[in-house]
Visitor: 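Please find one structure pasted underneath; my questions will follow.
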Amino acid sequence: MKCPYCGEEMKAGYIQCRDSLIWDTKKRKIAILPSIRSDSIVLGSGSKLMSGCDELAYNCQKCKKIVIDYNK
């Protein structure tokens with residue numbers, strides 16, 4: 001994938017976490033369930049207890065940007 005900022009080739013990898021990976025407009029001390037806020041976006045969630053979650057993400061080492069496609 002080409003970086004949308006500089007055009008360099010990006011390296012594929014994974015964003016990983018223990019539970020759900022959520023984008024929200026506010027930073028919180030404790031993450032809330034995405035269903036509570038209508039403007040939250042679930043980027044990835046674990047399907048089984050203790051399995052964690054991972055989402056494909058692309059890293060531009062030149063720009064130091066990460067791109068995640070959450071359109072599933």
Side-chain angles (χ1 to χ4, degrees):
M1 172 179 206
K2 296 284 184 186
C3 176
Y5 297 94
C6 71
E8 293 289 320
E9 193 63 33
M10 298 181 83
K11 191 177 228 181
Y14 294 90
I15 297 289
Q16 302 174 48
C17 66
R18 192 185 70 147
D19 296 318
S20 295
L21 185 60
I22 300 166
W23 179 91
D24 199 342
T25 56
K26 294 183 180 181
K27 184 177 178 180
R28 304 186 184 282
K29 289 183 180 182
I30 299 174
I32 60 169
L33 296 174
S35 59
I36 295 173
R37 294 183 46 91
S38 63
D39 60 348
S40 297
I41 299 170
V42 178
L43 302 174
S45 61
S47 58
K48 296 178 183 174
L49 182 64
M50 304 298 284
S51 68
C53 71
D54 55 76
E55 286 300 317
L56 180 62
Y58 293 90
N59 173 22
C60 179
Q61 296 179 345
K62 181 178 177 183
C63 294
K64 307 298 186 217
K65 306 277 189 212
I66 302 283
V67 175
I68 302 171
D69 182 4
Y70 63 92
N71 183 24
K72 293 181 183 176

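Only a predicted model underlies this, so the values are computations on that prediction, with no experimental measurement involved.
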Visitor: How far apart are the C-alpha atoms of Glu8 and Lys2, what are their side-chain angles, what is the distance that settles it, and do they pass the salt bridge (charged side-chain N to carboxylate O under 4.0 Å, His left out) test?
Guide: CA-CA 5 Å; Glu8 293 289 320; Lys2 296 284 184 186; over 6 Å; no
Visitor: If you measure from NZ on Lys65 to CG on Asn59, what distance do you get to the nearest 0.5 Å?
Guide: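 One finds 11.5 Å between NZ of Lys65 and CG of Asn59.
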Visitor: Is there a side-chain contact between Pro4 and Met10 in this structure, where contact means two heavy atoms from C-beta onward sitting under 4.5 Å apart?
Guide: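 Yes, close enough: below the 4.5 Å cut-off.
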Visitor: Nearest 0.5 Å please: distance from the SG atom of Cys6 over to the CD atom of Gln61.
Guide: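 Output value for this atom pair is 11.0 Å.
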Visitor: List the atom of Tyr14, the atom of Asp54, and the distance in Å for their closest heavy-atom pair.
Guide: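 Of all heavy-atom pairs spanning Tyr14 and Asp54, the closest is CD2-OD1, 3.9 Å.
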Visitor: What is the minimum heavy-atom distance between Ala57 and Ile68, and which atoms define it?
Guide: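 Smallest heavy-atom distance, with atoms named: CB-CG1, 3.7 Å.
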Visitor: So how far is it from Glu9 CD to Cys60 SG, rounded to the nearest 0.5 Å?
Guide: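 Here the interatomic distance stands at 9.5 Å.
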Visitor: Tell me, do Ile66 and Tyr58 make a side-chain contact under 4.5 Å, heavy atoms counted?
Guide: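 No; the side chains remain at least 4.5 Å from each other.
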Visitor: Distance from Met1 atom CE to Leu56 atom CG, nearest 0.5 Å?
Guide: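 Atom-to-atom, Met1:CE and Leu56:CG are 9.0 Å apart.
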